[in-house]
Amino acid sequence: MTPPVDTPAGRGRPRVVLGVGAGIAAYKACELLRLFTESGHDVRVVPTRDALRFVGEPTWAALSGHPVAADVWESVHEVPHVRIGQEADLVVVAPATADILAKAAHGLAGDLLTNTLLTARCPVVFAPAMHTEMWEHPATRANVATLRERGSIVIDPAVGRLTGADTGPGRLPDPAEIFEVCRRVLRGRPRDLAGRTVVVSAGGTREAIDPVRFIGNRSSGLQGYALARTAVARGAEVVLVAANVALPDPAGAKVVRVESALELREAVLSASAGADVVVMAAAVADFRPAQARESKIKKSSGDPEPIQLVKNPDILAELGERRRQAPRAVPYPRVIVGFAAETDDVLANGQAKLAAKGCDLLVVNQVGRGLAFGTPDNAATVLVAGGEPVEIPRGPKDDVADAVWDLVAARLA
Ligand code: CTP
């Protein structure tokens, strides 16, 4: 194996240590490594000895452009077990196995990765991946709690298919989502939502006409997903209620999938009991067919009958009303945020909605003519109950989300 320390290729470039644990998800860390290197980060890969059974040293060395070692006994004169950690701007461990979490929580130092974790004074991100039983075991829960108390960021694993046939929490989140968390940590964004629980709805509801047709809308879910992703990065526990969104799950968020407005209402109301913040970014259909047909409407059955529509409940207004009626001692969302997509009279319509729905902040978007739906950028005016409107300039949806969380965090404080 090649020596573990060389001259850093690019002083001035952010230095990242990518720790790789011995899990089958190690192959996904190759993708994470590429995302770092292609965006100008200088990455040292430090796998555990057993991780090299899953992905070998030549792969890590070729992709990182650096030598790779798992042991502390190579190039000892360069003191790699201390230097790699000391020089890092960020350490991310992906996948973090139950074994690594335990060793890190207890300060063991039997290999290069655990030594690096002990000597690093920069932010440390763990992206665990393991079987559900291991993730849920009290020993692992205690180790995760210890690491979080010490300031490490432990991303909750995604729920889904695990090795073999079983499913449950334990999957490594999408590498692009882990990368976003790391990039934000490197930018030094605040973790001012730590200890808060937030519910975000995203996407657009579908109201069934028959088993194959529905009434829907153009919402892509991008802004709602950006809100969930940024809230996780700011330390919140996030439930994301996603209506018909085809995007990777934001790392660390608990995703509840729904289809119709009635399902979305059920999921949002149940998740919002005791939540600090609810953000209704979903585009909810105002009407649904009075009755969804059980069989497909056939062309051969003659002229179509008109579809009778009935009103859907207004979930945002219901949240506001519940809060208004709640006794003081009952937990309720302390901050309720609505979204309003408008094509005309944007601000006047927004002010009327803010008042009618009883929310604290209303993020007003102009839509149509290539704006907002499905685009990576957004701009908005946030109407504030009892305050002056705040303009959010055009920018990536993550930046718009951060600006919204700034206002939410100020209200929570
Ligand atoms: N909303 C909701 N339940 C509905 C409709 C909308 O909770 N049945 C929420 C949306 O999630 C959004 C806000 O209300 O946060 C405003 O949605 P919008 O569609 O702009 O407003 P509407 O109240 O539906 O009014 P209109 O469509 O007539 O403009």
Side-chain angles (χ1 to χ4, degrees), residues 198-208 214-228 231 239-245 256-273 275 277-290 309-324 332-333 335-368 371-373 378-385 389 392 397 400-401 403-405 407-408:
V198 311
V199 181
V200 177
S201 71
T205 62
R206 290 179 178 177
E207 311 301 318
F214 58 81
I215 299 173
N217 60 67
R218 295 180 193 277
S219 178
S220 62
L222 281 167
Q223 186 61 71
Y225 271 50
L227 281 153
V239 178
L240 173 61
V241 180
N244 312 299
V245 182
V256 180
R257 283 174 217 292
V258 297
E259 193 170 315
S260 65
L262 292 181
E263 288 170 11
L264 189 125
R265 173 181 175 275
E266 186 76 29
V268 166
L269 293 184
S270 120
S272 62
V277 187
V278 179
V279 181
M280 283 292 297
V284 185
D286 291 323
F287 306 98
R288 68 178 184 278
L309 296 176
V310 292
K311 249 189 175 170
N312 271 328
D314 188 322
I315 305 158
L316 185 59
E318 199 172 335
L319 282 165
E321 185 57 23
R322 282 188 173 202
R323 178 169 72 171
R324 213 177 55 77
Y332 49 71
V335 181
I336 301 176
V337 184
F339 269 68
E342 303 288 348
T343 53
D344 311 291
D345 293 333
V346 177
L347 287 188
N349 282 333
Q351 287 290 5
K353 258 180 212 175
L354 178 76
K357 302 206 183 206
C359 48
D360 304 288
L361 303 171
L362 190 77
V363 184
V364 187
N365 291 129
Q366 178 144 31
V367 291
L371 294 168
F373 288 127
N378 200 2
T381 304
V382 184
L383 304 179
V384 179
I392 304 180
K397 285 183 172 169
V400 172
V404 172
W405 291 125
L407 295 169
V408 168

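In listed order, ligands and their atoms are each counted from 1. Keep in mind the model is a prediction, meaning the values are calculated, not measured. Note that these values count all heavy atoms, side chains included, but never hydrogens, waters or copies made by symmetry.
Here Ser201 contributes atom OG and Leu227 contributes atom CG; the two are 9.5 Å apart, rounded to the nearest 0.5 Å. With values rounded to the nearest 0.5 angstrom, Arg257 atom CZ is found 13.5 Å from Leu264 atom CG.
No side-chain donor-acceptor contact under 3.5 Å links Gln223 to the backbone of Asn378.
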List the atom pairs, with distances to 0.1 Å, where a side-chain N or O of residues 354-362 and a protein N or O form a donor-acceptor pair under 3.5 Å, not counting sequence neighbours.
from   : atom 1 : to     : atom 2 : distance (Å)
Lys357 : NZ     : Asp314 : OD1    : 3.4
Lys357 : NZ     : Asp314 : OD2    : 2.8
Asp360 : OD1    : Arg323 : NH2    : 3.1
Asp360 : OD2    : Arg323 : NH1    : 2.9
Asp360 : OD2    : Arg323 : NH2    : 3.0
Asp360 : OD2    : Ile336 : N      : 2.7

Distances for all N or O pairs of ligand 1 and the protein under 3.5 Å?
from     : atom 1 : to     : atom 2 : distance (Å)
ligand 1 : 3 (N)  : Ile315 : N      : 3.0
ligand 1 : 7 (O)  : Ile315 : N      : 3.3
ligand 1 : 7 (O)  : Leu316 : N      : 2.8
ligand 1 : 8 (N)  : Pro313 : O      : 2.9
ligand 1 : 11 (O) : Met280 : O      : 3.4
ligand 1 : 11 (O) : Ala282 : O      : 2.7
ligand 1 : 14 (O) : Lys357 : NZ     : 2.8
ligand 1 : 15 (O) : Met280 : O      : 2.7
ligand 1 : 15 (O) : Phe339 : N      : 2.8
ligand 1 : 15 (O) : Phe339 : O      : 3.1
ligand 1 : 20 (O) : Ala341 : N      : 3.4
ligand 1 : 20 (O) : Lys353 : NZ     : 2.6
ligand 1 : 21 (O) : Lys353 : NZ     : 2.9
ligand 1 : 23 (O) : Lys357 : NZ     : 2.5
ligand 1 : 24 (O) : Asp286 : OD1    : 2.8
ligand 1 : 24 (O) : Asp286 : OD2    : 3.0
ligand 1 : 27 (O) : Asp286 : OD2    : 3.0
ligand 1 : 29 (O) : Lys353 : NZ     : 2.9

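Taking the charged nitrogens against the carboxylate oxygens, Lys353 and Glu342 do have a contact shorter than 4.0 Å, which makes a salt bridge.
Inter-residue side-chain proximity for Phe339 and Leu316 is flagged as unmet; no heavy-atom pair is nearer than 4.5 Å.
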